There are 2 protein chains.
Amino acid sequence: MNSTMEKLKERIKDKKYKLTTQRQTILQAFIDAEENHLSAEDVYGLVKQVAPEIGLATIYRTLDLFTELDLLKRLDFGDGRNRYELNDEEFAHFHHHLICVKCNEVSEFEDDMLETLESIIAKKLNFHTIDHQLKVYGYCSKCQEKMKAAGEPIGPTHHA
Amino acid sequence: MNSTMEKLKERIKDKKYKLTTQRQTILQAFIDAEENHLSAEDVYGLVKQVAPEIGLATIYRTLDLFTELDLLKRLDFGDGRNRYELNDEEFAHFHHHLICVKCNEVSEFEDDMLETLESIIAKKLNFHTIDHQLKVYGYCSKCQEKMKAAGEPIGPTHHA
DNA sequence: ATGTTTGCAAAATTTTTGCATGCAC
DNA sequence: GTGCATGCAAAAATTTTGCAAACAT
């Protein structure tokens, strides 16, 4: 049983959108994809293998729709295009990104300590949080090793 | 004494770039600006008032340069264009953004509890953090009031 | 049947690049 | 003087839109 696809059907029905093959195919691409940070062009490439007649505009419109339906989450890693990942609700809220400033690899980590931060924000600033996104920039372990081997100092920490 | 402009001069000299009037004018625009999340087009508009002959390409090249020099920080609020803010070192690391999903207002808040998170990341994942960016999405107090007045329920919290 | 969704092509928007001229060093 | 930086215009890249045809309900 594939709960993500069920969610699509449910939410499509709820909001009176239509369950088209394109929409199912696009969601399936995300489910099957190796990589989980896909750009519109990436999705286009994947979906074209299964449904070659699809148009790029449909990809864009569908990514927008899925984001609205909270099936996908829109990401930006500063590479000049939007990227999307499956929004696995229970999970996603504690799921953040580590971006290596050297090799640009994006990895993920889980943490729930930001919950505490959110309640502070709610109290102090009267802001009702529904989601957050944390990007941490730095050097991944591979790059740290490479730099150590090359005798390069590890860059400024900006920690004052 | 304006330390930001001093920093520009120092870093430009360090890296053997040239201190041009355009570069100074662009930085001054950030120092003087009311709004502190400026897009290339915003900067272009501001600088043109002082130096009408400037080209938009210069703005782009300069924003890139300043980001490289750590004078500016590149931001993305999902509105389809890059935005930049002064990178006030001692300060910036604890400085995050609250984005209202209703009115798109971006406000700021300070917090240093992410320091702790960084040391956890360093230990657990062997990732050497140099910076982080936190975006918190939700409803600002104004929108909460409006919604309350209108009898609308405040949207899903996604907090499981 | 009807109104939504699609694919295509064209447009819009943001950003980048090539090149001759100008300016900081 | 030399070479980096600028302004302009053109190009590139990403995303959006208009429209007739196709499809889900």
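Keep in mind that this is a model prediction, so the values were computed, not measured. Naming convention: chains lettered A, B, ... in sequence-line order (proteins, then strands); numbering from 1 in each chain.
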Within the structure, does a side-chain N or O atom of [X] lie under 4.0 Å from either OP1 or OP2 of [N]?
X: Asn82(A); N: dT15(D); result: yes
X: Arg23(A); N: dT5(C); result: yes
X: Thr20(A); N: dT6(C); result: yes
X: Ser39(A); N: dT14(D); result: no

[X] side chain, from C-beta outward: closest of [options]:
X: Tyr17(B); options: dT17(C), dT5(C), dA5(D); value: dA5(D)
X: Arg81(A); options: dG3(D), dT14(D), dT17(D); value: dT14(D)
X: Ala40(A); options: dC8(C), dT15(D), dA5(D); value: dT15(D)
X: Tyr60(B); options: dT16(D), dG18(C), dT15(C); value: dT15(C)
X: Arg61(B); options: dG3(C), dC19(C), dA5(D); value: dC19(C)
X: Thr58(B); options: dT5(C), dA24(C), dT6(D); value: dT6(D)
X: Gln22(A); options: dT5(C), dA9(C), dT6(C); value: dT6(C)

(message) Both Leu65(A) and Lys48(A) contact DNA chain C. Which one's nearest nucleotide lies toward the 5' end?
(response) Leu65(A)
Atom-to-atom span, [atom1] of [X] to [atom2] of [N] - whole angstrom:
X: Ile59(A); N: dT5(C); atom1: CD1; atom2: P; answer: 16 Å
X: Asp42(B); N: dT13(C); atom1: CG; atom2: P; answer: 15 Å
X: Arg83(A); N: dT15(D); atom1: CZ; atom2: C1'; answer: 15 Å
X: Asp79(B); N: dT15(D); atom1: CG; atom2: P; answer: 13 Å
X: Asp64(B); N: dT14(C); atom1: CG; atom2: P; answer: 16 Å
X: Leu56(B); N: dT13(C); atom1: CG; atom2: P; answer: 14 Å
X: Leu19(A); N: dT6(C); atom1: CG; atom2: C1'; answer: 15 Å
X: Ile54(A); N: dC23(D); atom1: CD1; atom2: P; answer: 13 Å

(message) Both Gly80(A) and Tyr44(B) contact DNA chain D. Which one's nearest nucleotide lies toward the 5' end?
(response) Tyr44(B)
(message) Please check: side-chain N/O of Arg83(A) versus main-chain N/O of His37(A), any donor-acceptor pairing under 3.5 Å?
(response) yes
Basic-acidic side-chain contact under 4.0 Å: [X], [Y]:
X: Lys135(B); Y: Asp131(A); result: no
X: Arg74(A); Y: Asp64(A); result: yes
X: Asp70(A); Y: Arg11(A); result: no

(request) For residues 97-107 of chain A, pull every pair meeting salt bridge (Lys or Arg N to Asp or Glu O under 4.0 Å), keeping only residues two or more places apart or in separate chains. (result) Lys102(A)-Glu152(A), Glu105(A)-Lys142(A)
(request) Give the angle between the helix axes at the two ends of the helix from dA1(C)-dT25(D) to dC25(C)-dG1(D), taking five base pairs at each end and rounding to 10°. (result) 40°
(message) Give me the atom names and distance for the closest heavy-atom approach of Gln133(A) to His96(A).
(response) C-ND1, 4.4 Å
(request) Check whether any side-chain heavy atom of Glu145(B) lies under 4.5 Å from a side-chain heavy atom of Tyr139(B), and answer yes or no. (result) no
(request) Assign Glu53(A) to base, sugar-phosphate, or nothing according to its heavy-atom contacts below 4.0 angstrom with the strands shown. (result) sugar-phosphate
(message) Would you say Leu86(A) ends up clustered with Val50(A) if hydrophobic residues are merged whenever their side chains have heavy atoms under 4.5 Å apart, either directly or through other cluster members?
(response) no
